[in-house]
Every structure is written in C-alpha cells, then in structure tokens.
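Each ligand, and each atom within it, is numbered from 1 in the order the structure gives. Below, each value reflects all heavy atoms present in this structure, side chains not excepted, and no hydrogens, waters or symmetry copies. Since this is a predicted model, take the numbers as computed values, not measurements.
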Amino acid sequence: MSSVRGEFSSRIGFIMAAAGSAIGLGNIWGFPGQTAQNGGAAFVVVYIILSFIIAYPVFIAELTIGRYSQSNIVGAFKTIEGGKKFKFVGYMGVTAASLIFAFYGIIAGWMLSYVFEAIFTIAGLTEIANWCVDSGSVSRNIFFMGTFGLLTMYIVSGGVSNGIEKWSARLMPILVFILVAMIVFVLMQDGAFEGLVFYLNPDFSKITDSKLIISALGQAFFSLSLGVGTMLVYGSYIKKEENIPTIGALVTIADVGIAFLAGFLIIPAMFVAQTNGVQIYAADGSLIAGANIAFQVLPGLFKSLGVVGPVFSFIFFALMTIAALTSSISMLEVPVAYAVDDLKINRKKSTMIFGLIIMIVSIILITNMDLLFGLVISIATQWLQPIIGVFISIFIGWVMNRNHVLNELKQGFPELEKSMFFKLWPWFVRVICPTLILLIFYTSVFE
Ligand code: PHE
C-alpha cells in the first residue's frame with residue numbers, strides 16, 4: 001500500500017528511528033549543559049515532569065495525525081477535514097525543520113571535525129589536525145558541515161526502511177554502548193564524585209525560577225523532536241497494528257533516560273577536567289556551559305590524559321556525531337516527505353534539492369555567525385517549535401473529528417476505551433498542553 005511513501009518494517013525499527021531522532025545533541029550535550037546552568041537536579045526534575053505532561057501528549061498527537069493522514073505535515077492539514085485553515089502550520093513546520101537542520105548541521109560538523117582531529121593527531125599529522133579544530137576558519141566550518149550534510153542526504157535518499165530505519169538501527173546500539181563505556185571510565189577518575197554531587201543534589205530554590213521552567217520546556221520539545229513535523233511524518237510510516245500510546249511512551253522514556261544518563265558523563269567529566277587543571281568556571285563564577293563544554297573543557301580533559309587522550313577524544317566525538325546523524329536525517333525527512341507526497345518529486349531528487357538549499361542556508365549562517373547563528377536557533381526552537389506544538393494540540397483536540405482520532409488510536413490498541421490514557425490524554429491535548437505552553441511562552445517573551 002505505502003510502497004511509494006515507504007513504511008517502517010517493524011516495531012523495533014520504528015522505535016530505533018524515532019529514538020534516533022529524539023536522542024541527539026540535545027540529550028548528550030544540551031541537557032547536561034542546561035542542567036549545569038540551572039542548578040543541577042532541580043532542572044532535571046522539572047524537565048522530566050514537563051516531558052511527560054506536555055511533550056508526551058503532543059508527541060502522541062503528532063504520531064496520530066501522521067498515521068491517520070498517511071502524509072507529511074503539510075499534506076496532513078490539506079487532507080484532514082477542517083485542516084485547510086491550518087495549512088500554514090504545515091509550512092511553518094517545514095521551515096522550522098529546515099532551519100534546525102541548517103544550524104544543527106554546523107554544530108554536528110564541529111563534532112565531526114574533532115573526530116578527524118583525533119585521527120590526524122594519532123597519525124602524527126599535527127598541522128591538519130590543528131586545521132580541523134580551527135574554530136575561526138570558515139573553510140573548515142563549511143567543509144565539515146558539508147561532509148555531515150552529505151552523509152545525512154545519503155541516508156535520507158535511501159528511503160524510510162532502507163535508509164532511515166536501517167541506519168538508526170545500526171547506529172543507536174553503538175551510541176548506547178559508547179555512552180555507557182565512557183560513563184564507567186569517567187566515574188573511575190578523580191574528581192568525578194564532586195560532579196555526581198553537583199548533578200544529583202537539587203537546589204530547590206531555583207525550581208520556581210521562570211528561566212529554569214522555560215529552558216526545561218524548550219529542552220523537552222527539542223529533545224523529543226516536536227513541533228516541526230518530524231514525529232508527524234514518522235507516525236505516517238508506522239503500521240496500523242501498532243499501539244501508538246505504548247510505543248510513544250517507550251520512545252519518551254528512552255529519550256529522557258538517555259539525557260539523564262548523559263548527565264552522568266558530561267557533568268562528572270567537567271569536574272575530572274578541573275581536577276586535571278582545566279578551568280571549568282567562567283569569570284562570573286558560573287559553571288562553563290554551551291559550546292565551551294564540548295570544545296574547550298572536554299578537549300582539555302582529553303589532553304590531560306596524555307597519549308591515550310586522542311583515543312578517548314575520537315570515541316567521544318564519534319558518539320556525538322552518531323547522535324547528531326540519526327537526528328539530522330529526521331529533520332531532512334520533513335521537507336523531503338513534503339516534496340515526495342505533495343510535489344510528486346521522487347525521493348532522490350527531493351533529497352538533493354532540499355539538502356542543497358539547507359546547506360546554502362548553513363553557509364550563510366557560517367559567514368554571518370555573530371549576526372545570525374543565535375537568532376536562527378532562537379526563532380526555530382524558542383518560537384516556532386512551541387507555537388506549532390500549540391496548533392497541533394488545538395487541531396487534534398478541537399478541530400479533528402473525535403471519532404476519527406479515537407478510531408485511529410484504537411487500531412493497535414483495541415482496549416483503548418478502558419485505559420487510563422483515554423481518560424487523560426484528550427484533556428491534555430485540548431486544555432492542559434496549549435494552556436501550559438502558552439503560559440510558559442508568555443512569561444518567556446514578556447518577563
Ligand atoms: N531531538 C533532537 C536532539 O535532541 C533534535 C531534533 C529537533 C531532531 C527537531 C528533529 C527535529 O538533538
């Protein structure tokens with residue numbers, strides 16, 4: 001039936017692909033960084049709560065709309081009764097996914113550049129190794145962004161089961177293995193314990209801080225790949241006999257679980273770095289965060305390990321690159337699925353066209369870093385993702401025919417009406433999610 005559009009071949013295939021999309025730099029780098037900045041475990045608690053009460057219901061909404069419509073985020077609104085007025089939300093989604101890929105590809109390129117730096121260092125080619133990590137070099141930034149972009153395009157052009165699913169299923173187990181192995185190693189080093197205390201000891205005075213709550217919501221949305229149409233289109237590739245609430249819950253748990261686990265790597269690693277003489281506090285006394293964790297503190301730690309340093313550096317940045325790749329393919333899939341479904345352009349061509357357009361946007365960002373980089377990140381993740389999330393909740397809660405929604409969920413979940421999910425979820429998407437998102441959004445914009 002779905003031979004042109006494609007379909008995930010199995011439940012585990014879908015889980016790997018969706019978890020691959022969700023688990024990315026947002027988990028392994030963004031989450032520990034946000035935690036370090038927002039008072040340790042207090043942030044973790046708020047993030048976990050918001051993931052389950054806001055992000056999970058929206059996630060189920062996206063999967064359901066996708067599977068019901070058998071379409072991408074634009075096509076879904078075009079075909080579902082009452083959706084025409086929401087078509088602009090579809091275009092916003094395609095734009096958001098493309099913008100996210102444009103900046104994400106640059107950061108992923110930096111991760112890849114450190115993989116090569118390690119290889120060249122081991123090979124004794126110091127000069128090329130230095131070029132790989134020369135953050136001021138435009139050619140270096142473009143080269144690694146482009147290489148990462150081409151890798152993403154290669155996988156997406158392979159199709160749903162033969163590209164996205166196959167590569168997610170290959171890479172995700174490697175990712176988990178490397179992550180756990182690195183955690184074991186880091187926790188055995190001097191200084192790690194101090195990091196654990198910082199991570200797990202909540203400063204509850206910060207829990208009502210509006211900045212903390214806003215960051216936690218943004219993190220939950222970004223981390224589950226919501227509000228751009230990624231999960232909607234992945235939903236359209238799930239078989240009808242699958243139970244959406246259950247597999248959605250599994251993916252949410254995996255996503256939150258890996259973020260939590262990554263905290264056991266990054267935060268203790270920072271304190272180990274400090275023990276080894278690397279500076280981890282900024283001039284104002286706050287813990288170093290953001291790009292500097294990955295590109296300053298951790299490389300400092302690897303250097304302090306001596307000859308084995310480059311090996312650890314290679315493993316760590318390979319982990320980051322893999323995490324980024326299984327996410328970036330799901331970003332590119334949003335415009336590609338739109339082109340395949342609605343513009344009737346074949347997958348290879350669609351991938352070429354959108355991949356190249358987005359890379360051009362990336363080049364514009366690279367050459368106007370100070371002006372545009374942060375701006376695009378905040379437009380896409382702080383504005384577009386939550387707003388689209390609100391529209392999706394309102395659409396499934398108030399506009400879509402209630403019986404159609406329930407029948408879609410019932411396929412693969414025959415006992416739906418007897419479940420707790422059935423009692424709660426409709427109210428969450430109708431009232432609780434839109435209200436809470438708007439409220440948090442309002443405070444973030446007008447505080
Ligand atoms: N969830 C991914 C991460 O945590 C990012 C992402 C956002 C992927 C939006 C797809 C769509 O890194």
Side-chain angles (χ1 to χ4, degrees), residues 15-35 47 50-51 55-56 58-59 62-63 66 72-73 92-111 148 152 155-156 164 167-168 171-172 175 179 215-235 248 251-263 266 290-291 294 319-338 354 358 376-389 392:
I15 292 175
M16 289 289 189
S21 165
I23 297 164
L25 299 177
N27 302 56
I28 301 180
W29 176 43
F31 172 78
Q34 297 259 23
T35 305
Y47 162 73
L50 294 183
S51 292
Y56 171 71
V58 174
F59 182 25
E62 286 203 27
L63 294 178
N72 64 88
I73 188 165
M92 275 166 73
V94 173
T95 310
S98 306
L99 287 179
I100 291 178
F101 185 26
F103 78 73
Y104 203 87
I106 298 173
I107 302 173
W110 294 335
M111 301 293 174
F148 181 82
T152 306
I155 296 178
V156 171
I164 296 173
W167 280 95
S168 302
L171 295 174
M172 291 311 285
L175 178 146
L179 181 61
S215 310
L217 179 74
Q219 180 64 29
F221 255 71
F222 186 77
S223 190
L224 263 180
S225 313
L226 300 178
V228 298
T230 282
M231 289 307 184
L232 193 151
V233 75
Y234 273 23
V251 172
T252 308
I253 292 167
D255 183 47
V256 172
I258 294 287
F260 188 59
L261 209 56
I266 305 291
L319 166 73
M320 294 300 226
T321 307
I322 290 172
L325 191 57
T326 54
S327 297
S328 64
I329 52 182
S330 74
M331 298 165 195
L332 183 56
E333 181 61 16
V334 174
V336 167
Y338 162 63
F354 277 100
I358 294 170
V376 166
I377 295 182
S378 78
I379 290 176
T381 63
Q382 287 174 8
W383 291 80
L384 291 174
Q385 283 193 284
I387 294 177
I388 294 168
I392 286 176

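Side-chain contact check for N72 versus L232: every heavy-atom pair is 4.5 Å or farther apart.
Put simply, the side chain of S327 gets close to the backbone of I23: a donor and an acceptor are under 3.5 Å apart. Looking at Q385, its side chain never comes within 3.5 Å of a backbone N or O of V228 through a donor-acceptor pair.
Using cut-offs of 30° and 60° on the angle between ring planes, the pair Y338 and F354 is perpendicular.
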Output, or 'none' if empty, a list of ligand 1-protein atom pairs in which both atoms are N or O and the distance is under 3.5 Å, rounded to 0.1 Å.
from, atom 1, to, atom 2, distance (Å)
ligand 1, 1 (N), S21, O, 3.2
ligand 1, 1 (N), A22, O, 2.9
ligand 1, 1 (N), F222, O, 2.9
ligand 1, 1 (N), S223, O, 3.0
ligand 1, 1 (N), S225, OG, 3.1
ligand 1, 4 (O), A22, O, 3.0
ligand 1, 4 (O), G26, N, 3.4
ligand 1, 4 (O), N27, OD1, 3.2
ligand 1, 12 (O), L25, N, 3.1
ligand 1, 12 (O), G26, N, 2.9
ligand 1, 12 (O), Y104, OH, 2.6

Evaluate T230 against S225 for side chain to side chain donor-acceptor pair (under 3.5 Å), listing each step before the verdict.
CA-CA 6 Å; T230 282; S225 313; 5.5 Å; no

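Between atom CZ of residue F31 and atom CD1 of residue I266 there is a gap of 11.5 Å, rounded to the nearest 0.5 Å.
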